[in-house]
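Predicted model, so just to flag it, every value in this text is computed and none were measured. For this chain, numbers begin at 1 and follow the sequence in order.
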Amino acid sequence: MPTGPPRADHAQGRDTSVLARLAGLGGLGRTGSPPGGGRYGLLLAVLVGTYLFSAFGARQAATEVQVFLFALVLLIALRTSPLPGRWPVIIGVITVIGSLVTFFTSLTGARTGTAAEDLWKTLLLLLMTVIVVVRRVLAKPTVTIQSIYGALSAYLIVGLMFASGYAAIEHLGESVFFANNQQANTQTFQYFSFTTLTTLGYGDFTAAQSGGRAVAVLEALTGQVFLATLVARLVAAYRTPGPPEPAGRGLLPEDVDGPGDDEDRD
């Protein structure tokens with residue numbers, strides 16, 4: 001026969017569990033209020049718009065405005081993938097100040113100033129954005145459509161990042177980047193970067209020097225690993241929300257008639 005004190009202890013244990021959930025102490029961080037961020041539709045739209053603007057806009061304007069567009073991409077990524085503590089504020093301030101400095105430095109027309117802007121876009125703006133986005137996508141306990149948007153955003157950022165890296169190699173080197181004296185600008189660097197990332201390999205633009213070829217090989221490997229591991233895994237694990245289960249579906253057969261029936265039969 002059940003007695004009173006065990007029921008009281010059970011009720012007290014449930015109250016303690018509820019208090020732990022309210023305090024956000026249980027379940028390895030899955031209880032309490034869910035963390036903010038994690039919505040990447042806007043980031044993906046801004047990235048597509050940034051690429052189209054760079055591809056179809058005027059060459060000089062695309063190069064000069066691109067640093068601010070990439071800074072905007074990083075700020076949106078920080079908003080959708082929040083970091084702990086004051087890191088978002090610190091990174092945001094550094095992003096704004098650094099982008100302004102490199103922008104005015106590139107206006108001088110010197111090769112070193114343009115190369116500094118390309119390195120700033122490559123190593124600090126876009127690389128930081130990829131790290132922030134991928135970190136947030138992998139930390140999500142479940143795969144949603146927003147996770148896939150985030151992975152696609154990171155894939156586009158990788159292509160833009162290598163394009164800026166190729167431009168930096170062009171401005172820092174003594175020789176032309178492309179073979180056969182092909183024209184090197186923002187549009188052609190992005191075209192070469194994404195055809196390399198997706199391993200299409202049209203062959204109309206190829207790197208002339210060993211340094212550019214080595215970076216192109218790294219980009220091709222990165223694109224294959226990225227698609228075969230992160231994107232493919234997320235798409236395979238994604239499940240559309242199903243219809244809600246009817247009430248009482250989870251009850252065991254012996255519990256359908258209500259609690260205490262087995263004891264009454266005995």
Closest approach of [X] and [Y], non-hydrogen atoms and distance?
X	Y	value
Ala208	Val176	CB-O, 4.2 Å
Val134	Ala154	CG2-CB, 3.9 Å
Thr105	Gly113	CG2-CA, 3.6 Å
Leu78	Gly92	CD1-N, 4.1 Å

Partners passing ring pair (Phe, Tyr, Trp, His ring centres under 6.0 Å) against [X] (at least two apart in sequence or in another chain):
X	answer
Phe70	none
Phe162	none
Phe68	Phe103

Is a side-chain N or O of [X] found less than 3.5 angstrom from the main chain of [Y], in a donor-acceptor match?
X	Y	result
Thr122	Gly165	yes
Arg39	Thr80	no
Glu117	Val67	no
Glu170	Phe177	yes

Quiz item: Is the closest side-chain donor-acceptor distance between Tyr40 and Ser81 under 3.5 Å?
Solution: yes
Let me check something: any side-chain donor-acceptor pairs from residues 46-54 under 3.5 Å, sequence neighbours excluded? List them with distances.
{"residue": "Thr50", "atom": "OG1", "partner": "Val46", "partner atom": "O", "Å": "2.7"}
{"residue": "Ser54", "atom": "OG", "partner": "Thr50", "partner atom": "O", "Å": "3.0"}
{"residue": "Ser54", "atom": "OG", "partner": "Gln66", "partner atom": "NE2", "Å": "3.1"}

Quiz prompt | Summary of ring-ring contact (aromatic ring centres under 6.0 Å, His included) pairs that have at least one residue in residues 197-237, sequence neighbours excluded | solution = Tyr155-Phe226, Phe178-Phe205, Tyr191-Phe205
Quiz item: Are Phe192 and Val217 connected in a single hydrophobic cluster, I mean Ile/Leu/Val/Met/Phe/Trp/Tyr linked by side-chain heavy atoms less than 4.5 Å apart?
Solution: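 Not linked; separate clusters.
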Quiz item: Could you give the distance from CG (Asn180) to OG1 (Thr206), rounded to the nearest 0.5 Å?
Solution: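 Going from the CG atom of Asn180 to the OG1 atom of Thr206 covers 6.0 Å.
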Quiz item: Quick one: side-chain hydrogen bond (donor to acceptor under 3.5 Å, both in side chains) pairs with a partner in residues 218-227, sequence neighbours left out?
Solution: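 As it turns out, the side-chain hydrogen bond (donor to acceptor under 3.5 Å, both in side chains) pairs with a partner in residues 218-227, which skip direct neighbours, are Tyr166-Glu219, Ser193-Glu219, Thr199-Gln224.
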Self-check item: Check against side-chain contact (heavy atoms from CB on, under 4.5 Å), Gln190 and Thr186
Solution: CA-CA 6 Å; Gln190 288 188 357; Thr186 301; 4.0 Å; yes
Practice problem: List the steps and the verdict of side-chain contact (heavy atoms from CB on, under 4.5 Å) for Gln182 and Thr188. | Solution: CA-CA 9 Å; Gln182 294 275 21; Thr188 55; over 6 Å; no
Self-check item: Identified side-chain contact (heavy atoms from CB on, under 4.5 Å) partner of Met128 from the options Ile91, Ile157, Ile94
Solution: Ile91
